[in-house]
Visitor: 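One structure, pasted below without further comment.
Numbers restart at 1 for each chain; the letters A, B, ... are given by sequence-line order, proteins then strands.
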2 protein chains.
Amino acid sequence: MTARAIAEEVIDLSGIRAAVDQVLEEFLAGKARSAGSGPLADFVDVVRGMLRAGGKRVRPVLCVCGWHAAGGGARLDEVLRAAASLELFHTFALIHDDVIDGSDTRRGMPTAHRIFQAGREGEAGGEEAARFGTGSAILLGDLTLVWSYELLAGPGLAPASDRVLGDVLGAMRTEATLGQYLDLRASGQLDADLEGAMEIVRYKTAKYTIERPLHVGAVLAGAGSRLLEACTAYALPVGEAFQLRDDLLGVFGQPGATGKSDLDDLRAGKRTPLVAVAMQRAGAGQRMTLTTLLGQPGLGPHEAAAIRSILEETGARAAVEEMIAVRYRQALRSLDLSGFPAPVVTALRDIAHRVTARSS
Amino acid sequence: MTARAIAEEVIDLSGIRAAVDQVLEEFLAGKARSAGSGPLADFVDVVRGMLRAGGKRVRPVLCVCGWHAAGGGARLDEVLRAAASLELFHTFALIHDDVIDGSDTRRGMPTAHRIFQAGREGEAGGEEAARFGTGSAILLGDLTLVWSYELLAGPGLAPASDRVLGDVLGAMRTEATLGQYLDLRASGQLDADLEGAMEIVRYKTAKYTIERPLHVGAVLAGAGSRLLEACTAYALPVGEAFQLRDDLLGVFGQPGATGKSDLDDLRAGKRTPLVAVAMQRAGAGQRMTLTTLLGQPGLGPHEAAAIRSILEETGARAAVEEMIAVRYRQALRSLDLSGFPAPVVTALRDIAHRVTARSS
């Protein structure tokens, strides 16, 4: 698919998604076979369910785009496996993230820890079932991380690229974990520090979700430092815009479309740029309301509506929309200067539009 | 050290421990340098603290013994790095295990999640601090797992051994995770099924702690399947005995010596062979007491004493001591038939004695 598509001057993004999903399905089918009816079967089922329930496959698609940006090559199977491995890594990150945030739903389905918890509720008390759910999901996440390495280390990865590839992936894994930690450490510490909030966005999303996947693909096609820098110039504004959109959807999105609760971020008291701007602009009464309500685990729809009003009235929502628009334009300009092949520019322009204008 | 020691017909076990600790210290010193005063510094500090607080280094020592058993070789640095990587993997497993079990102490120190929690307690409420502690420790464990791969993938690992080594390590990581899951799933499900309890022991400890470390070292020295089988013949009985001793220490040990609470296992309602034997032999009244008390999160010293009495009176404690003795003898017999070099046999005999007769 992709090899032909690039010859036709179009990168087939949905074809990439389908090819990556096939790699993932085959990998998990192998795990299911070796699991039989043993305890591993429970784990395979949950991971499969999460992947089948949806997801935009942003990271795999960008990985393959990075590969084309650097000229691609004969080893399409290699980059597809790397792309699928990034998706498994992301699945691990989501499983643990949901445990840490205590989220109930993801992609419109119960989160992993809630699935394990529900399986236990008949036989045990509520608290014990919750403990079992959390523990099982921690272990499931661990094994999914191990699988992401295993899928990557298949027979085809060229030894020559191993060292550079290892460095890029190592940076990605560290940044993803530290980004989550910064996010967690800042939660509940409500302030007007927009720069601090943007630093979390850069670690947690811009580098992990956009820059590193492009780099992984590019390195597999033998990219040098100039090409990697061109990827970065595109990735950081798009990544920041992606997370800023995510923050808006977390508060103003339709749960039916996002697959996530529109209360979780408010309950967690996430220190997003959206909230930082609102705190900067809020009057004394508004600031008091934000400080009192944000981060309350028991916050309900009524309190959420009050917070949303303040985010609107202070102009914080509009300001974040403008930050997204600025970064979108910056990403498009970087593509004009990138020197990437035309079909890659078209695809990355499309992706920049989708991730910044999305509603789910 | 070790290369000279083997020439002198003695494997210097404490020399191995010191050499592995040096590899770990250097690796973490590199991480500390790149962390500066950033958020990564918190993580490096906790892992360093855990490693410095103690630990028997059973897995690294066995890894180097497995290497000598297969004839060793010139690449001592390679096997030391693999051995250190096993210890980092184990550190990851302990961090998550303590979160899952809600344990307060490990090696006489607060567990990772309690350290993070304590750092937050001044500024946040008790529940929020606990949530922050749990979340941070999950992320710290994730990064420590990533580090265990990174340490292993240093410049020296011979490409020829990569595939077989990968298979052994993959099996180890899967078995460790599934063993924990089986343990968790069985907790609180009190019954007299000794065979089920022994299956958990085999996954969780015999394979993970003894067999796979020996295999990793042996594979690095180019071992064939016969030598790997000789490792297994020694490892499984020693590993079972190791865990049975651990179970006894978890209930009857001195917290001052073990570094762990003597209530945690009872509170978690761990389905150990010790408990299974007691349930088999208990009278109706004793069984009622066990069923009522085991697995109570609020269980105190008084209830623990009642359980200990029943474990004594039913003869369960003595029966488990006998199971340990049988396995110890079995391990020694397997060494006589192993064909391992004499210094390796001496070292493994010493290890079998230490892990089965230990008090900490």
Visitor: Under 6.0 Å from the CZ atom of F27(B), do we count more than 12 heavy atoms belonging to anything else shown?
Guide: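 More than 12 heavy atoms, drawn from other residues, nucleotides or ligands, come within 6.0 Å of this atom.
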Visitor: Does any backbone or side-chain atom of D42(B) lie under 4.5 Å from a heavy atom of chain A? Answer side chain, backbone, both or neither.
Guide: side chain
Visitor: Can you say whether E150(A) sits under 4.5 Å from chain B via the side chain, the backbone, both, or neither, judging by heavy atoms?
Guide: neither
Visitor: Think R173(B) forms a cation-pi with Y149(B), using NZ or CZ under 6.0 Å from the six-ring centre and within 45 degrees of its axis?
Guide: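 Flagged: R173(B) positioned over aromatic ring of Y149(B).
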Visitor: Using every non-hydrogen atom in the two residues, find where G135(A) and L184(B) come nearest and quote the distance to one decimal.
Guide: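 Shortest heavy-atom separation between G135(A) and L184(B) comes out as C-CD2, 3.5 Å.
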Visitor: Counting only heavy atoms closer than 4.5 Å, note whether S136(A) contacts chain B via side chain, backbone, both or neither.
Guide: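 Looking at S136(A), backbone and side chain both touch chain B.
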Visitor: Using a cut-off of under 4.5 Å for heavy-atom pairs, which of V146(B), L145(B), D142(B) has the most such pairs with chain A?
Guide: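 Most heavy-atom pairs within the cutoff with chain A belong to D142(B).
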Visitor: What are the two closest heavy atoms between A197(A) and A276(A), and how far apart are they?
Guide: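 Shortest heavy-atom separation between A197(A) and A276(A) comes out as CB-CB, 4.4 Å.
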Visitor: Rounded to the nearest 0.5 Å, how far does CG of L299(A) lie from CG of L293(A)?
Guide: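 Going from CG on L293(A) over to CG on L299(A), the span is 6.0 Å.
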Visitor: Hey, which of L40(A), T177(A), L139(A) has the most heavy atom pairs under 4.5 Å with chain B?
Guide: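 Ranked by heavy-atom pairs under 4.5 Å with chain B, first place is L139(A).
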